[in-house]
Amino acid sequence: LFVLLSTGSTVSELIVIGAVGQDITVPCRYSVRDRNSITSMCWGRGSCPSSKCSQPIIWTNGWTVTEQHSRRYQLKGDLRRGDVSLTIVDAREADSGTYCCRVEIPGWFNDQRTNHKVVVRKARISTASPHTYTSEQTSGPGSTRESSFTVTRTWPLVSASEAPQTASTPCSGPSDCLDVAASLQNTSVSLAREQHPERGLYIVVGSCAALLLILILALLLT
């Protein structure tokens, strides 16, 4: 990211922002019209002084690198076309600061000077974690919240084969109708027992009591 702060006749200043562990390229170019325009230049730490580079880190005669303070400082551009951009390999936070690009142009006070402010920041680490949704309940004022689980109760479904069926044809006789009625009653009682066990128990007890009452009445009548 390059941000132009100020531009003058001889000195300009840029901000370069990079991340720790990455290669950061600090741009610097000068115009090359022909072979005679190729000239020497230097990179140094700190602002550009009136001459040369303070704390020089790399030098070039315009054709090749002649002096190199560390292998982490490299010139990867095409020097013969005026691309003298500085590449900081495996940038560190300590690399933050001001860098001077000084291109030596023949003549009095003709040197091209550019100050660059390099900012190296720690890379942001983004960890994608699955979203967890939990319900919370509070037992009382001032109490800590605890995660609670929601229990869903599913009632058993009755399949078509278990559902009570009606006769599709009229009863052929009293015995057939009684058989159908008994089958329907048994099915209803079975379903009631499966879905509601306590109701099934009540029905059984009630049926027994009814049969006992019928027997007692029959004995009295006879």
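Note that the structure is predicted; figures quoted are calculated from it, not measured. Heavy-atom basis, side chains included; hydrogens, waters and symmetry copies ignored.
A 4.5 Å side-chain heavy-atom check between R121 and V119 finds at least one atom pair inside the cut-off. Side-chain contact between V26 and C101 is absent, with no heavy atoms from C-beta onward closer than 4.5 Å. Inter-residue side-chain proximity for T87 and L75 is flagged as unmet; no heavy-atom pair is nearer than 4.5 Å.
Although no hydrogens or angles enter the test, the distance criterion places no donor-acceptor pair under 3.5 Å between the side chain of N61 and the main chain of S40. Of the possible donor and acceptor atoms, none in the side chain of D83 sits under 3.5 Å from a partner among the backbone N and O of R29. Although no hydrogens or angles enter the test, the distance criterion places a donor-acceptor pair under 3.5 Å between the side chain of Q68 and the main chain of Y73.
W59 and M41 fall into different hydrophobic clusters, defined by Ile, Leu, Val, Met, Phe, Trp and Tyr side-chain heavy atoms under 4.5 Å apart, directly or through other members. Residues V89 and L86 do not share a hydrophobic cluster, defined by chaining ILVMFWY side chains whose heavy atoms lie under 4.5 Å apart.
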What's the verdict on side chain to side chain contact (heavy atoms under 4.5 Å, CB included) for T98 and H116, showing C-alpha distance, side-chain angles and the deciding distance?
CA-CA 5 Å; T98 302; H116 299 268; over 6 Å; no

Assess the residue pair S51 and R102 against the criterion (side chain to side chain contact (heavy atoms under 4.5 Å, CB included)); give the C-alpha distance rounded to whole Å, side-chain angles, the decisive distance to 0.1 Å, and a yes or no.
CA-CA 9 Å; S51 64; R102 188 185 195 97; 4.3 Å; yes

Check against side chain to side chain contact (heavy atoms under 4.5 Å, CB included), K76 and S85:
CA-CA 7 Å; K76 295 185 177 182; S85 300; over 6 Å; no

Going through the checks in order, is the side chain to side chain contact (heavy atoms under 4.5 Å, CB included) test met by I58 and V65?
CA-CA 7 Å; I58 195 167; V65 175; 3.8 Å; yes

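With rounding to the nearest 0.5 angstrom, the CD atom of Q74 is 11.0 Å from the CD1 atom of I88. Distance check, rounded to the nearest 0.5 Å: CZ of R81 to CD1 of I38 gives 10.5 Å. Atoms CZ and CD1, from R113 and I105 in turn, are 11.5 Å apart once rounded to the nearest 0.5 Å. Atoms CG and CD1, on L219 and I214 in that order, are 12.0 Å from each other to the nearest 0.5 Å.
V32 and S37 make their closest contact through CA-CB, 4.0 Å (heavy atoms, listed as atom of the first residue, atom of the second, distance). Here the closest non-hydrogen pair linking Q112 and C28 is NE2-SG, 4.5 Å. In terms of heavy-atom proximity, S96 sits nearest to V120 at OG-N, 2.9 Å. Across Y30 and L79, no two heavy atoms sit closer than the pair OH-O, 4.0 Å. Nearest heavy-atom pair across P27 and L14 is CG-CD1, 4.4 Å. In this structure, N110 and P106 approach most closely via the heavy-atom pair ND2-O, 2.9 Å.
Taking the six-membered ring where the residue is Trp, W43 and Y99 present perpendicular rings, their angle passing 60° and hence far from 30°.
For the pair D95 and R72, the salt-bridge criterion is met [side-chain N within less than 4.0 Å of a carboxylate O]. Between K52 and E104 there is a salt bridge, since a side-chain N of the basic residue sits under 4.0 Å from a carboxylate O of the acidic one.
C100-C48 SG separation is under 2.5 Å; the pair is scored as a disulfide.
Hydrophobic cluster of L220: the remaining members, joined at side-chain heavy-atom separations below 4.5 Å, are L212, I216, listed by chain and number.
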